[in-house]
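Keep in mind the model is a prediction, meaning the values are calculated, not measured. So you know, we letter chains A, B, ... as the sequences are listed, proteins then strands, and number each from 1.
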Number of protein chains: 2
Amino acid sequence: MAESHARNTGAHFVYGELKRRILSLELEPGERIYEPAMAAALQVSRTPLREAIRRLISENLLEQQPTGGVVVPVLDDAAVSELYDVRAALESLMAREACAKATAADIERLHGILERNAATAAFADEAMKYGVALHAAIAGIAGNSWARRFHEQVSSHMQRYRHYTNNTQERRDQALADHRILVEAVASGKPDEAARIAFEHVIGARDEALRAISGGTSASSGSTPAAK
Amino acid sequence: MAESHARNTGAHFVYGELKRRILSLELEPGERIYEPAMAAALQVSRTPLREAIRRLISENLLEQQPTGGVVVPVLDDAAVSELYDVRAALESLMAREACAKATAADIERLHGILERNAATAAFADEAMKYGVALHAAIAGIAGNSWARRFHEQVSSHMQRYRHYTNNTQERRDQALADHRILVEAVASGKPDEAARIAFEHVIGARDEALRAISGGTSASSGSTPAAK
DNA sequence: CAAACAATACTTGTATACATCTATACAACC
DNA sequence: GGTTGTATAGATGTATACAAGTATTGTTTG
């Protein structure tokens, strides 16, 4: 899902492994990474490890401190809003671009994904999966490699905050409804409308996440009624 | 303009130097970079050079070939459109966010920049400078570090295509007019309008660039009348 | 006893040496 | 003659050794 054609090099393996540990919070936010120890743990020398670290820094998945150390960025509630906003802008753009480029076959594929999305709306994992698939399909149709690249970075990073998001049945139903009218707009070639729908779709998710954060600070269980 | 707090390390110097050469086309598109030769030319060992190269790869300013070599990406007309689109989406977002966060002092600053922009609209360099300053100010008000980061990357990359863009008097006048109503929208707190203006502003520049490309293929001299 | 200083341990940054892999040129064979 | 195989030259990937800078500890001094 990350890189299209990756060479089978040690540095690449280390990159993937570190990224996984960062996103899964296995490497705790704020934790410092010491090169010798980490290199030993991953059974490589410092050289490929450093390359992986540098790459992760430039993707904002690690942070270089002015003094010279490298730390896992701390979780920051304010960043959640920023990430959602950027994601909204990018998905909105891609939805707009997809309108102009979608072929009949593309529309067919979107409808197919939508059906499976609807069929599995009751199951969190499956619904999430097809939601992601739908966005990926739209991104593919849009064909804007820069937008896709940035979107992947943002999406990756958001995984660190996934404990905040309550994936409720309500949310899934709303998402499905949004997806329906989004595909509708793309199919009928209405770029402005598609862009608006995609934007507001993500903003809706953002607002719900923000309510979850300000309400129960941790990954609360039930559905916080969300008073506005 | 690039990095806020950069450590005074060799790898960082190499990064800046390589980036400059890539953006200025001093390193020609398609050219391959051989580490030993480049390291010798820059008077460093391969180690810091490789770190700089890796970073530039992850910023899309260099390209790793499946076989293992590293090349300067070729100029691609299709990329111009993509870059403008992403820039439009990001500036649009930041304009929207700026509406909610701008203080009276911020508005004052925007007006100040606007005045200097207007006063220098006849001079390409100056007008460009204040245009950039205006966008930077809005980005600062928006305060979305991710959007700003991506925007910087896109803006940097677009420098490689600057030979395509005809900076005509017409364009500068149009840009100034756009900037005026954009600041107006931000000042009066109309996020949707500000977002729309910012978006269309960049799209307008994009369309003009695309006309310049499809018209005179190279960096043509005069103003191509731009028939639609 | 607190504060400043010095010495030490350790981490990062860099250079170099080595191993692995790729590409190219030449030769042999079909 | 074209194609395939092979050898060789060279580039990339990795490991290790070294230099430079940072933090921490202990000591000394006001």
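Side-chain contact check for Arg149(A) and Gln153(B): at least one donor-acceptor pair (N or O, by modelled atom type) lies under 3.5 Å. Side-chain atoms of Asn117(B) and His179(B) form a donor-acceptor pair, as typed in the model, at a separation below 3.5 Å.
Atom-to-atom, CE of Met38(A) to C1' of dT12(C) comes out at 15 Å; the value is rounded to the nearest Å. Between the P atom of dT11(C) and the CG atom of Leu49(A) lies a distance of 13 Å, rounded to the nearest Å.
Although no hydrogens or angles enter the test, the distance criterion places no donor-acceptor pair under 3.5 Å between the side chain of Arg172(B) and the main chain of Met128(B).
Between Phe150(B) and Phe150(A), the ring planes lie parallel to each other; the angle is under 30°, not in the 30° to 60° tilted range.
Using a 4.0 Å cut-off between charged nitrogen and carboxylate oxygen, Glu152(A) and Arg148(A) do not count as a salt-bridge pair.
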With the sugar-phosphate defined as primed atoms, P, OP1 and OP2, and the base as all remaining atoms, what B/S/- string results for nucleotides 8-18 of chain D, 5' to 3', for protein heavy atoms under 4.0 Å?
-> ---SBBBBBB-
